[in-house]
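By convention in this document, chain letters (A, B, ...) are assigned in the order of the sequence lines, proteins followed by strands, and residues within each chain are numbered from 1.
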Amino acid sequence: MAIVTRFPPSPTGYLHLGGARTALFNYLLARKHGGRFILRIEDTDQARSTPEMTEAILEGMRWLGLEWDDGPYFQSERTALYNEYVDKLLETGHAYYCDCAPEAVEAMRERARAAGLKPKYDGRCRERGLGPGPGRVVRFKTPQSGKVVFEDMVKGTIAWDVTELDDFIVRRADGSPIYQLAVVVDDALMGVTHVLRGDDHQSNTPKQILLYQALDFPLPRFGHVPMILGPDKKKLSKRHGAMSVMAYKDMGFLPEAMVNYLARLGWAHGDDEIFCREELIAKFSVEGLGRSPSVFDLQKLTWVNSHHLKNATVERLTPPFVEQLALLGIRDPDEAFVRQVIPLYQPRAKTLREMAEAARSFFLPTEALSYDTKAIAAHLTSAARQHLQALSTRLATLEDFSIPSLEAAVGEYLNTVGQPFKAIAQPLRVALTGTTVSPGLFETMAVLGKARVLERLKCAIHLYPEEVSRGS
RNA sequence: GUCCCCAUCGUCUAGUGGCCCAGGACACCGGCCUCUCACGCCGGCAACAGGGGUUCAAAUCCCCUUGGGGACGCCA
């Protein structure tokens, strides 16, 4: 039997790290076995669901490359279907109408809580034989004794005493279905075979199993993956990383790094750390899922990202790099030039953002270059300026601005003046980039090109520390 | 409060009774490389929550304690 998994976000918020990871695991499980991965939008809560959030979730899914085979389905469009099954529950005596006011039920719960018991609805309408009517909800008639036992794919045997459960609502007074009912009907009708979801749903599973049984649906396999925690080991919140995965895109993370890192949070395959999508699909298995919560670690994500950055092709990096440049105010850079700059920074940056910031000086016209005053004071000494002047004269006559040719030209100059490369390296670097940090000088010059190099040398040679500090 | 789940370095984790006085990775600290910064390489620091069992043998199995997480909605 083919495996069918699903990801059912509710459009009441962005696609955050936890949701993204759950989606990823379901995606991987389906892909691994050549099954289907369904996307279903759980918007039965009309008040809190918005089309904007739906779109934001889809955007996140697309960015991460979590392609779904089916959907998105919208539960809000399937109300009639759910009601067929609520009616069936009513007909078979598995559910009943209840006219208790919400406040009355809350009072019951409060009383139970005060008595040190589990807050529950007491089932007073169970045998009243009420029919439909305004203000009446439909409740599921939970068995009064027995246990619900299931084999969790990640945690093993889990058992619940049904007395822990109460007669939960399956249809609101306004006629709309409740989550528990809608998921069960959808999962059953859509043929979902494996339900991998967050730990926070574990307590819903017994209720849902009861519904499956009452509705005579075959049971899927359930698996509950532990939550992702913040650095303080508390549930991830806005302060940590419960923000949209798209925020990580803006921070300069690659989706493949995100996927790699998320997969490793709560899942392992021996000592392996770096995976591409294909490897994840090939190596993923529920056996590798951990049972304990894991703390989100931005530093490790950053490291994983730097790895993918280093190994990516220039073509792959060009579009997102250009986007990052745009965020820094550098618009429409020459694409051929961009492609030359990228390799210089791939091993030097951990994120695309860092990369763009570091490479910024490459894209500025000479007159807009900002020279670091300390760097000028330290390295553009009069002796250094003389070297730069002499070097500039030589380079002006150099036809071939390739790395070997530049190395030879500079080498010759150093030979004639009897100086080591160190003597001019930092001055040259400051002159070309305005700072003391940059990629290798020869590659920098080669990429910058003859015109820019001569222009910047000239500019730097005539630059005085006093002027710069006055000017800025 | 009640119930469910969980428990190996600071963090992510390997480990399914002997291969473990516990391995890898991030971070951190040294060193090498070197035109700066990175990358890379080499080395270091650092954990089986505690207590009882079971066993010839336990990080691995059982129990208790402690700690953590989750759930108790006409939210999903």
Does the plane of the ring in Trp303(A) sit parallel, tilted or perpendicular to the ring in His307(A)? Use 30° and 60° as the thresholds. tilted
Kindly say if Lys118(A) contacts the phosphate of A71(B), meaning a side-chain N or O under 4.0 Å from OP1 or OP2. no
From the list G69(B), G10(B), C5(B), which nucleotide is the closest neighbour of the side chain of Asp297(A)? G10(B)
May I ask which nucleotide in the shown strands pairs with G17(B), Watson-Crick or G-U wobble, both distances under 3.5 Å? none
Would you classify Gly198(A) as touching base, sugar-phosphate or nothing, given that sugar-phosphate means primed atoms plus P, OP1 and OP2, and contacts are heavy atoms under 4.0 Å? nothing
What's Lys120(A) touching, base or sugar-phosphate or nothing? Going by heavy atoms closer than 4.0 Å. nothing
Under a 3.5 Å limit for both distances, which nucleotide forms a Watson-Crick or G-U wobble pair with A25(B), could you say? U11(B)
Is there a donor-acceptor contact under 3.5 Å from the side chain of Arg136(A) to the main chain of Gly131(A)? yes
Under 4.0 Å between any heavy atoms, over every strand shown, what does Val295(A) touch: base, sugar-phosphate, or nothing? Just pick one. sugar-phosphate
Lys310(A) side chain near G40(B) phosphate (N/O to OP1/OP2, under 4.0 Å): yes
Within the distance-only criterion (no hydrogens, no angle test), does the side chain of Arg21(A) pair as donor or acceptor with the backbone N or O of Leu265(A) below 3.5 angstrom? yes
C72(B), OP1 or OP2 - any side-chain N/O from Arg109(A) closer than 4.0 Å? no
More 5' along RNA chain B: Pro9(A) or Lys233(A), using each one's nearest nucleotide? Lys233(A)
Main chain of Arg40(A), side chain of Gln75(A): is a donor-acceptor contact present, judged purely on distance under 3.5 Å? no
Report the distance from atom CZ of Arg429(A) to atom C1' of C37(B), rounded to the nearest whole Å. 8 Å
Under-4.0 Å salt bridge between Arg264(A) and Asp297(A): no
What about Lys300(A), does its side chain sit under 3.5 Å from the base of A27(B) through a donor-acceptor pair? no
Looking at A76(B) and His201(A): do their rings stack (centroid distance under 5.5 Å, interplanar angle under 30°)? yes
From CG of Asp272(A) over to P of A14(B), roughly how many Å is that when rounded to an integer? 12 Å
Would you classify Ser294(A) as touching base, sugar-phosphate or nothing, given that sugar-phosphate means primed atoms plus P, OP1 and OP2, and contacts are heavy atoms under 4.0 Å? sugar-phosphate
For A71(B), which nucleotide is its Watson-Crick or G-U wobble mate, given both distances must be under 3.5 Å? U2(B)
Using the ring centroid of each side chain, check whether Tyr179(A) and Tyr82(A) are separated by less than 6.0 Å. no
Under the 3.5 Å rule, do the base of C39(B) and the side chain of Arg348(A) count as making a donor-acceptor pair? no
Side-chain contact check for Met227(A): nearest option of A71(B), G69(B), A7(B) is G69(B)
Sort out the partner of U55(B) for me: Watson-Crick or G-U wobble, both distances under 3.5 Å, none otherwise. none
Expressed as a whole number of angstroms, how long is the span from Leu298(A):CG to G10(B):P? 20 Å
Does a side-chain N or O of Thr435(A) approach OP1 or OP2 of C37(B) to a distance below 4.0 Å, or not? no
For Ser292(A), answer base if it contacts any base atom (sugar-phosphate contacts may also be present), sugar-phosphate if it contacts only those atoms, and nothing otherwise; contact means non-hydrogen atoms under 4.0 Å. sugar-phosphate
Is it the case that G23(B) (base atoms only) and Asp271(A) (side chain only) share a donor and an acceptor within less than 3.5 Å, ignoring hydrogens and angles? yes
Tell me whether the side-chain N or O atoms of Asn204(A) pair up with the base of A76(B) as donor and acceptor below 3.5 Å, since no angle test is needed here. yes
Does the ring centre of Phe25(A) sit less than 6.0 Å away from the ring centre of Phe284(A)? yes
Let me know the distance between CD of Glu273(A) and P of U13(B), rounded to the nearest Å. 10 Å
Per atom distances to the Pro102(A) side chain, the nearest of A14(B), A25(B), C74(B) is C74(B)
Nearest whole Å is fine: how far is G73(B) C1' from Leu165(A) CG? 14 Å
Using Watson-Crick or G-U wobble geometry with both distances below 3.5 Å, tell me the partner of C33(B), or none. none
Using a heavy-atom cut-off of under 4.0 Å over every strand shown, decide if Leu441(A) touches base, sugar-phosphate, or nothing. base
